[in-house]
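Reading through the structure tokens given below for one structure.
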Number of protein chains: 2
Amino acid sequence: MATGRTHRPATRSRGIPEATVARLPLYLRALTALSERSVPTVSSEELAAAAGVNSAKLRKDFSYLGSYGTRGVGYDVEYLVYQISRELGLTQDWPVVIVGIGNLGAALANYGGFASRGFRVAALIDADPAMAGKPVAGIPVQHTDDLEKIIEDNGVSIGVIATPAGAAQQVCERLVAAGVTSILNFAPTVLSVPDGVDVRKVDLSIELQILAFHEQRKAGEESASGDGAHPAAAARKESADQGPDGDVPAVMPA
Amino acid sequence: MATGRTHRPATRSRGIPEATVARLPLYLRALTALSERSVPTVSSEELAAAAGVNSAKLRKDFSYLGSYGTRGVGYDVEYLVYQISRELGLTQDWPVVIVGIGNLGAALANYGGFASRGFRVAALIDADPAMAGKPVAGIPVQHTDDLEKIIEDNGVSIGVIATPAGAAQQVCERLVAAGVTSILNFAPTVLSVPDGVDVRKVDLSIELQILAFHEQRKAGEESASGDGAHPAAAARKESADQGPDGDVPAVMPA
DNA sequence: TGCTGTGAATCGCTTCACAGCC
DNA sequence: GGCTGTGAAGCGATTCACAGCA
């Protein structure tokens, strides 16, 4: 137990702010779309609009990576795609295991965006013996008993937990003991992990509760400002920050 | 219930920081677990540990809601559960529609945590005519053509988008035009919405990319500190901030 | 001229440390 | 003595505004 204040300046090593790291994937997606349309260059203004952030923030973000733009012109799309991919570590392939092949786990396994960029589903693992061998998304499900062997054989360092809440902590411990150092947790539980292991979580009901809070507030205000009333087609605004991204806390730092 | 409620929330629910709102669901979950175990009171220290945050932050968070604790003692569990639920708007029922009943949409529909607290799946909507009438999680899927009618008939103000990226913006516009003012977006796209509509997004591949960044960094450092090597059973640390929660940007404000 | 890159100002959240009350 | 509630300090992220360069 870490009682002794292990004060670590959070983001040590390379000085890219967490908030910036969390936005890089957004930029990358926007850039990839531009690349597919063979657009050669973009201005910070255009790219920011496509990524749903403001341009000053984007320029500041990029300034942490280096000086990849050209004054008076903008950014070379292909070059930026490469630089960001490299920065995010997507130029290599990351084998990933998914543990817990229920509804959600199966949906994740089938999710296309997985393989698309740098990630590969190396194995599916479930505790139900009846699932063993059954293929999901073309990959045979393996039993939890073999978890350690699977992790080691495939050199997996990223694990996805999609088990029920009750099983998550134990699965987490086995993953970590077997060598996994990054975990994406879909189970509605707080995971305890040793230093050096990163955890990110995705939780539907938390997101809904946050929306409900704001929804309730809207209902309470009701017609404070003059406009409002007709949300339909009219003015549209690029949402400044959608959801859990622009976030900061991100990962538990090593 | 009701121990020290001598005070009224002097600071009416105006200025609750987004970061605090994003943590309330976490506290609520921890408190609910305590409640089920019939624990009558908790200290900020204990509750903070259960929620995976630090105790000063928790106390500060609660101070925005009012003075619900008792000095020298702690917080009354039942009373706090009620206060936080009320603050989050969970004392009322929120009908929710899910649009896009593919793998993910179906998994969401089946997700238990949905109904558990304040939310009810009012309808499932899909563009595929072949899906129409087919029950998923006991609820018959309806066709997109009837989207507007469904929203209005059920008084839905929260929508979940689980469609492919290409369809998301259009679905979003129809939801908003029909009266939805909060959207949870699972499609990997930036949604444009009018002022007054909140959007939160959940994106698997973004989370993975953020993990990959840190993973790559770890591989680069390698052997900076002496220990390492045996991540197994030893020291375990309550992750300070797991994933997209402790976040701030949250919702696009009205 | 136009757009990037960045110091400086600002904002908001977190953390500290202790006063206040049980 | 113990634990909450909170002013104040600290810190990171955002935003501003403009210098610098193609």
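Below, read A as the first sequence line, B as the second, and so on, with proteins coming before strands; counting in each chain starts at 1. Below, all heavy atoms of this structure are taken into account, side chains as well, without hydrogens, waters or symmetry copies.
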**Q.** Side-chain donor-acceptor pair present, B:Gln83, B:Tyr79, cut-off under 3.5 Å
**A.** yes
Winner on side-chain proximity to A:Glu18, out of C:dT14, D:dA13, C:dC13, is D:dA13
Of D:dT14, D:dG5, C:dG5, the nucleotide closest to the side chain of A:Arg71 is C:dG5
Whole-Å distance, B:Glu46 CD to D:dG2 P, equals 14 Å
Here the distance between atom C1' of C:dG5 and atom OH of A:Tyr68, to the nearest Å, is 14 Å
- request: State, with a plain yes or no, whether a side-chain heavy atom of B:Arg200 is found less than 4.5 Å away from one of B:Ile183.
  value: no
In B:Asp93, B:Ile158, B:Val160, the residue satisfying side-chain contact (heavy atoms from CB on, under 4.5 Å) with B:Phe119 is B:Ile158
Between CG of B:Leu58 and P of C:dT15 the distance, given in whole Å, is 12 Å
Item checked: Side chain proximity check, A:Asp76 to A:Val42, heavy atoms < 4.5 angstrom -> no
Rounded to whole Å, CZ of B:Phe62 lies from P of C:dT15 at a distance of 16 Å
Whole-Å distance, B:Lys60 NZ to C:dA17 P, equals 14 Å
Does B:Arg23 have a side-chain nitrogen or oxygen under 4.0 Å from the phosphate oxygens OP1 or OP2 of C:dT14? yes
From CG of B:Leu80 across to P of D:dT4 the rounded distance in Å is 10 Å
For D:dC3, take OP1 and OP2 only and decide whether either is under 4.0 Å from a side-chain N or O of B:Ser44. no
Check this one for me: any side-chain N or O of A:Thr70 less than 4.0 Å away from OP1 or OP2 of C:dT4? no
Checking all strands, does B:Tyr75 fall into the base, sugar-phosphate, or nothing category for heavy-atom contacts under 4.0 angstrom?
sugar-phosphate
Sorted by position of nearest nucleotide on DNA chain C, 5' first, the leading residue of A:Asp61 and A:Val73 is A:Val73
Separation of D:dA17 atom P from A:Arg59 atom CZ, nearest Å, is 13 Å
Of the listed C:dT15, D:dA17, D:dT14, the closest approach to the A:Lys57 side chain comes from D:dT14
Check your understanding: For A:Asn54 and D:dT14, is the shortest distance between a side-chain N/O and OP1 or OP2 below 4.0 Å?
Key -> no
Rounded to whole Å, the CD-C1' distance (A:Glu45 to C:dG2) equals 12 Å
Can B:Ser63 and B:Asp61 be counted as having a side-chain donor-acceptor contact under 3.5 angstrom?
no
Out of D:dG5, C:dT6, D:dT15, minimum distance to the side chain of A:Ser63 belongs to C:dT6
